[in-house]
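As a basis for the values below, the full set of heavy atoms in this structure was taken, side chains included, without hydrogen atoms, waters or symmetry mates.
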Amino acid sequence: QVHLVDSGGGVVQTGGSLRLACAISGGTFSKYAMAWFRQAPGKERELVAAVNWSRRHTSTADAVTGRFTISRDNSKNTVTTYLQMNTLKPENTAVYYCAARTPGNAIVSTLGQIETYDAWGQGTQVTVTS
């Protein structure tokens with residue numbers, strides 16, 4: 001059974017940076033596509049960024065392009081995905097969720113779709129103060 005643990009959230013001032021991390025345990029790590037989504041109060045969960053197994057393809061929301069970067073470390077026994085967030089703004093305040101597609105790698109065109117992912121972390125709160 002795949003288990004995702006995301007971490008790294010916190011409170012930061014406008015213009016600051018945070019780095020989120022997501023570690024996977026269990027499963028076979030068989031070419032999982034990985035992503036970060038976020039959900040603000042009263043809003044739907046939305047894509048932040050996604051990356052396929054080989055790291056050749058990514059999908060990033062327009063609102064964070066140039067400020068947020070997704071990366072991953074494909075080690076032998078685990079997979080860790082990171083979200084580097086720079087120049088944070090108050091509108092970036094949300095709960096950030098790590099997600100994985102455990103049946104395997106995703107079709108590139110579907111990387112950014114929430115339906116692609118079937119395993120989720122517990123979420124980590126990011127609060128940006130003005």
Side-chain angles (χ1 to χ4, degrees):
Q1 183 177 358
V2 175
H3 185 55
L4 279 66
V5 178
D6 35 34
S7 61
V11 179
V12 64
Q13 292 185 333
T14 296
S17 298
L18 283 173
R19 189 191 195 202
L20 307 183
C22 174
I24 301 177
S25 61
T28 60
F29 315 120
S30 177
K31 298 185 177 180
Y32 296 163
M34 300 291 300
W36 287 94
F37 287 77
R38 66 185 179 188
Q39 188 166 18
K43 296 187 177 181
E44 293 186 353
R45 194 169 298 190
E46 62 179 6
L47 173 74
V48 179
V51 61
N52 75 335
W53 170 258
S54 69
R55 291 166 286 194
R56 291 179 182 176
H57 302 283
T58 61
S59 178
T60 304
D62 290 343
V64 302
T65 296
R67 298 187 297 118
F68 291 13
T69 303
I70 189 170
S71 61
R72 62 188 293 163
D73 178 12
N74 297 338
S75 300
K76 181 178 180 180
N77 298 314
T78 188
V79 174
T80 304
T81 303
Y82 302 97
L83 184 68
Q84 178 66 44
M85 305 187 294
N86 298 327
T87 319
L88 283 159
K89 304 176 182 180
E91 53 263 41
N92 300 140
T93 294
V95 178
Y96 284 70
Y97 296 91
C98 175
R101 173 177 168 80
T102 61
N105 212 2
I107 298 172
V108 172
S109 62
T110 67
L111 272 177
Q113 298 173 9
I114 196 169
E115 298 80 7
T116 295
Y117 302 93
D118 62 301
W120 294 85
Q122 81 283 3
T124 184
Q125 176 71 46
V126 171
T127 302
V128 185
T129 61
S130 57

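Not counting sequence neighbours, the partners of Arg55 by the side chain to side chain contact (heavy atoms under 4.5 Å, CB included) test are Val51, Arg72, Asn74. Legend: residues meeting side chain to side chain contact (heavy atoms under 4.5 Å, CB included) with Ala99, ordered by chain and number and at least two apart, are Phe37, Tyr117, Trp120.
Expressed to the nearest 0.5 Å, how far CH2 of Trp53 lies from CE of Met34 amounts to 10.0 Å. Residue Thr60 holds its OG1 atom at 7.5 Å from CG of Leu47, rounded to the nearest 0.5 Å. Atom-to-atom distance recorded for Ser130:OG and Lys89:NZ is 14.0 Å, nearest 0.5 angstrom. We find the OG1-CD distance between Thr69 and Gln84 to be 7.0 Å, quoted to the nearest 0.5 Å. Rounded to the nearest 0.5 Å, atoms CD1 (Ile24) and OG1 (Thr80) are 8.0 Å apart.
Here the closest heavy-atom approach between residue Arg101 and residue Tyr32 is recorded as O-CD2, 3.4 Å. Closest approach of Ala119 and Val2 over heavy atoms only: CB-CG1, 4.4 Å. Here the closest heavy-atom approach between residue Gly121 and residue Tyr97 is recorded as O-CD2, 3.7 Å. The shortest heavy-atom contact between Cys98 and Leu4 is SG-CD2, 3.6 Å.
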Between His57 and Leu111, is the side-chain contact (heavy atoms from CB on, under 4.5 Å) condition met? List the steps.
CA-CA 9 Å; His57 302 283; Leu111 272 177; 4.0 Å; yes

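The backbone N or O of Ala49 sits nowhere less than 3.5 Å from a side-chain atom of Ser59 that would complete a donor-acceptor pair. The backbone N or O of Thr116 sits nowhere less than 3.5 Å from a side-chain atom of Thr110 that would complete a donor-acceptor pair. Judged by distance alone, the side chain of Arg67 and the main-chain N or O of Thr87 form a donor-acceptor pair under 3.5 Å. Judged by distance alone, the side chain of Gln122 and the main-chain N or O of Asp6 form a donor-acceptor pair under 3.5 Å.
Counting non-hydrogen atoms of neighbouring residues, nucleotides and ligands closer than 6.0 angstrom, the CD atom of Glu44 reaches no more than 12 such neighbours. A 6.0 Å sphere centred on CD1 of Ile114 holds more than 12 heavy atoms belonging to other residues, nucleotides or ligands.
No path of Ile, Leu, Val, Met, Phe, Trp and Tyr side chains, each step under 4.5 Å between heavy atoms, connects Tyr82 with Ile70, placing them in separate hydrophobic clusters. Val95 and Val128 fall into different hydrophobic clusters, where Ile, Leu, Val, Met, Phe, Trp and Tyr are joined by side-chain heavy atoms under 4.5 Å apart, directly or via other members.
At least one side-chain heavy atom of Pro90 sits under 4.5 Å from a side-chain heavy atom of Thr14. Within the 4.5 Å cutoff, the side chain of Ser7 has no heavy atoms near those of the Thr124 side chain. Using a 4.5 Å heavy-atom cutoff, the side chains of Ser25 and Val5 are not in contact.
With Arg38 as the partner, the side-chain contact (heavy atoms from CB on, under 4.5 Å) test is satisfied by one option alone out of Val48, Leu83, Thr93: Val48.
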